[in-house]
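Values in this document were obtained by computation on a predicted structure and should not be read as measured data. Nothing fancy with the numbering, it's 1 onward along the sequence.
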Amino acid sequence: MHQTLARCNPIARRSGEHLHAHPQLMLGWRGTMDYEFSQGGEHLVLGQAAILPPGERHLYLGRGDDCEVLVIDLDADDPCLTALEQSCGLDLRESLFAKPRTVSLPPPLIPMVELAIQQLKAPKSMAQSSLLNHQLAMLFVSQLGELLMLDDGATRGQGRLPATLLDAFIDERLSQPPDNQTLADAFHLGQSQLHLLCLRDFGVTPQQYVMNRRLLWARYWLRETARAVSEIAFDVGFAEVSSFSRAYRRRMGCSPSAERKAAMQSGRAEMGTVSSRGH
């Protein structure tokens with residue numbers, strides 16, 4: 001029996017082929033990892049997840065020294081999974097792992113990936129580590145199960161907005177963010193219906209959702225790349241750096257420059273910890 005757990009997997013520039021009997025989730029964290037399975041190939045970055053059913057052969061290739069992913073290994077016979085299915089009314093083993101697929105995470109889930117990585121890397125006892133790994137695994141399985149349930153049933157008649165498609169639509173237009181009319185037309189809705197569905201499904205207006213998505217990508221580029229703040233601002237649709245900085249501070253609680261500085265300090269602290277251990 002394979003143990004259910006969450007773990008950090010440093011890929012760096014390694015490549016290879018995997019095939020395992022247990023289902024697995026892979027969530028992007030640092031850098032980019034290319035992967036290929038029977039349904040095609042994709043790039044795994046922060047904000048994206050890959051769902052692999054048991055026995056699904058897949059290839060992987062890290063695109064940089066910093067490439068790292070969050071992996072969720074699942075024991076299909078885990079009694080906690082059965083309890084979770086009963087509590088939320090979902091057949092997760094059938095619905096979530098029915099086929100290999102790639103999904104875009106809704107904005108609220110992306111900080112959860114970051115928090116999970118921090119928790120996994122924090123010093124702890126073996127017993128604490130085992131418990132935390134299992135809890136994090138169950139958390140992401142339940143969240144992705146609910147996400148796919150909503151998306152698979154997101155037809156016009158059922159009145160659901162598919163988060164994965166909405167995210168992908170916005171991501172393709174970051175430098176020229178879509179207005180409400182463009183979003184409504186893309187999902188065959190009226191503007192008022194779009195507004196109501198967005199409030200009901202995500203708790204924000206359509207333009208707040210778009211802004212959140214833009215700023216989450218900005219945070220990723222600030223933390224993970226050396227790109228100029230002005231370049232990032234223009235790439236997420238701001239005409240001026242000052243307006244980008246104001247919006248970023250309101251949403252994230254700090255300025256873009258402070259975000260980058262904190263990420264750099266965190267990276268240096270991690271390198272210092274590694275050096276002190278002699279690795």
Does the side chain of L216 come within less than 4.5 Å of M252's, by heavy atoms?
yes
Examine R101 relative to F37 and say whether NZ or CZ is less than 6.0 Å from the centre of the six-membered ring and inside a 45° cone about the ring axis.
no
In terms of heavy-atom contacts, does NZ of K99 have more than 12 from other residues, nucleotides or ligands at under 6.0 Å?
no
Before you tell me yes or no, could you show the steps for Q191 and Q181 under side-chain hydrogen bond (donor to acceptor under 3.5 Å, both in side chains), namely the whole-Å CA-CA distance, both residues' side-chain angles and the distance that decides it to 0.1 Å?
CA-CA 6 Å; Q191 288 195 54; Q181 185 62 62; 2.5 Å; yes
Can you check whether H134's main-chain N or O pairs, donor with acceptor, with Q3's side chain at less than 3.5 Å?
no
Can we say R260 and E224 salt-bridge, meaning some charged N sits less than 4.0 Å from an Asp/Glu carboxylate O?
no
The reported gap from SG in C254 to CD in E259 (rounded to nearest 0.5 angstrom) is 4.0 Å
Check whether the ring centres of Y248 and F244 lie less than 6.0 Å apart, and answer yes or no.
yes
Could you tell me if R251 and N212 have a donor-acceptor pair between their side chains, going purely by distance under 3.5 Å?
yes
Could you check whether the rings of F202 and Y209 sit parallel, tilted or perpendicular, using 30° and 60° as the cut-offs?
tilted
Check D78, D77, D75 against T4 for a side chain to side chain donor-acceptor pair (under 3.5 Å) and give me the one that passes.
D78
Flag side-chain contact, heavy atom, 4.5 Å: T164 against L105
no
Taking the six-membered ring of F169, is NZ or CZ of R173 closer than 6.0 Å to its centre and within 45° of its axis?
yes
Greater than 12 external heavy atoms within 6.0 Å of H20's NE2:
yes
